[in-house]
Amino acid sequence: MFSWKYVVDYFPDIFAKFPVTLELVFVPFIISFLLGFAIAIARLKKIPLLEQVLAVYVSYVRCTPVITQMFVVYFGLPILMKQFGVNAYDWNPVIFVFVAYSINISAFLSETIRSSILAVPAGQMEAGYAVGMSGFQTMRDIIVPQALKISLPMLGNMFIGLFQATALAYMVNVIDMVGKARNISTSRGHLLEGYICCAIVFAIISLALEVIFKYVNKRLAFGHQNGYQRVRRRSES
Amino acid sequence: MIEGRYFILCLQAAIEKIPKNLVMCLATLVICTILGMFIALARTYRVPVLAPVLDALIALCKAFPANLILLICIMVYTYKFNDFIAFFHLNMTIRDVDLIYIAIFALCIVALPGISEVLRSGLLAIPKGQFEAGYAVGMTAFQTFRDIILPQMFRVVVPTLTNSTLSLMKTTALVNVMGVSDILKGATDAAQDAYCFLEAYLAAAIVFWVIGIIIEQISKALERYFSKSVKQAV
Amino acid sequence: MRKRFLGILLCVVMAVSMLIGCGSSDDTKDSEEKKQEESTDKQEETGEKQKITIAIGNAYKPFCYLDENEKPAGYEYDLFLKVAEKMADKYEVEVVCDSWDNLFAGLETGKYDIISHHLAYNAERAEKYNVSSESLMYFGEYRFIYKKGRTDITDIASVAGMTLANSEADNIGKVLAAYNEEHPDNPIILQETMPSAEAIIAGIENGLYDAYTHTQFDLQTKYIDMYPDADLELGTVGLLDGDVDCGTYAVLKKGNDDLQADFDATIKALREDGTIKDISVAWFDADYSTIPE
């Protein structure tokens, strides 16, 4: 019954939906990058009330499976939007996945960004002030670039994780690669072959991403080490 | 809006299924820790042939989305398990295998890369000198590992391992794609009549949240405990 | 200064999320309008007739769904187009697609006059709404499928002690669970299964399950017709005794009896002149306009 022939046969149709997967990765990642940054700053500044609310939010996202988060958004968001007089029931299901994954990734990203900003020595901030830079300037030109470099390995892992998590989107009727595989199987059968086809695409892209991130990290880490060594040497001499 | 009556109904159904998720989670954790230990040892001490093969295997396992691994496992089981029995001349039928074993098997594939990676970092954290010290006093490699390396590793690894447990617990929410009735499926099954799916998913989320918070607290407590013992030793 | 930075950042985030939110809702609104325009275009310009709207689902293949080009399609859509034609002397009928959640809400607000979503008869619903007395199609009784050539499986009592691929959660699962409670000494083993026809068929073929039960319509279209090479046989005996309602019905607002009478008459006429049969054969390769054999 199982035949690799079908894996090959289904490949063009399934791979045609790859742009949907890309969309599902990039839109939430960009939104959550901004959102995660805002959350990290808000928690670092210890704004009362907001800080507690955000702590609960991060805890919820960290401790619950992304699949339940996705369904809570899928069923909950339309009810919420109804309160504002917006009919969300006809929205393209992709939007619910965007929202759900943005919520998910932004919480994890905020944790990463927060710890990376904390990892930048406090002296850097003081140095910025000392040369007459404003708080915002110091943040933008000194702290954030360093923090980003520190968080890059984590960001890479998170990106790959998000990419793999998009394989769940079919559950809320998004026709991504997995959804397409299921659709094909309703008319032509051979669901297993369809899944294997998807799995192969996911695996190849994940492996490629991993290699790319490793390369980028190595390049950046190299520069970083050099910089520190230079600093150390200068201070020793 | 959310109806309290339905929410309670779904919550009860979800709570009933907690043991199933815990069993799957713990069984997977134990199997992965044992297997992961061997893999970590082979990879850390670069056993010829085996180490590169395991490197590739772990990288491969990590590359597949979890839910596809689960789906493919269950389908391969339904299609091919009879051939498997015939091939090994096992004295059993396909019915003797409960679905939960397939779920645990699939979860192991999902969790193994992460856990063996944690164990490997634990091994790497222990200075090579410890091994040499063991040999120097005439211990065998196994004795050194058991009496010197493992206890030290334990301290490094356990807090991180509880983190892996948390993500493993979350992964168990996916087993309902195989038809195994877990917390999530329990809740949504209860919602079938009233069509109250929001309540069901909220109930499941809250159950997972509580379990997650408990695991996080345990992790924190362990971290505190182990870091305290280090200070005392010094 | 720090606060200002934070403020700017928050504004940016909010603006971005608003933009995304609005953009997408505009899109959906546009497509909705287009959809409605298209369906109104189809209606002929007819003088002073009563305007009614029939709403069906948009994601329930093969009954009512949006096809690859986002156009309405399905058995119920074709059926209601014929209904619209037939009722054209008295009404100006518009057939639209909407999501399941909106159907009943739309009925209550008066946006829709008749809704349909392959709905089986349900006493609770009949109390709250007017339910058409003519059936749109019949899905038939619950039957078993099992491995070809087996003769030991007939009715519900014959599968006692056997393994059935059925979850206890669905309608028939509840009936089976109730049967087990009555017969604790020799219960039917209900084996949970992956919700996929292929997995169930493979399980039956290799002996994981003895049988699986569903309605005649589902078994015929999703199992027997879809997998003609499968080693499967559809049982001939119904699972439940006698007069179980196996039709699907349209739902109207409570008290809208005049419209219901006209609608029922139209369905009846369409059944009698064979129109429904033709649509059924076109979609399902068999006649479900009357109770299937």
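Lettering of chains follows the sequences in order, A, B, ..., and the numbering in each one begins at 1.
The only member of Leu70(B), Val180(B), Leu71(B) that meets side chain to side chain contact (heavy atoms under 4.5 Å, CB included) when paired with Met194(C) is Leu71(B).
To the nearest 0.5 Å, the span separating OH on Tyr79(B) from CG on Leu208(C) amounts to 12.0 Å. To the nearest 0.5 Å, atom CD of residue Glu192(C) and atom NZ of residue Lys185(B) are 4.0 Å apart.
The shortest non-hydrogen separation linking Arg95(B) to Gly207(C) is NE-O, 2.8 Å.
Within the 4.5 angstrom heavy-atom criterion, only backbone atoms of Val177(B) (N, CA, C, O) approach chain C.
Within the 3.5 Å criterion, the main-chain N or O of Asn206(C) finds a donor-acceptor partner in the side chain of Asn82(B).
The number of heavy atoms from other shown groups lying within 6.0 Å of CZ (Phe104(C)) is above 12. The number of heavy atoms from other shown groups lying within 6.0 Å of CG (Asn91(B)) does not exceed 12. Under a cut-off of 6.0 angstrom, the local environment of NZ in Lys254(C) is crowded, with over 12 non-hydrogen atoms contributed by other residues, nucleotides or ligands.
Taking Ile189(C), Asp210(C), Thr193(C) one by one and counting their heavy-atom pairs under 4.5 Å with chain B, the maximum is reached by Asp210(C).
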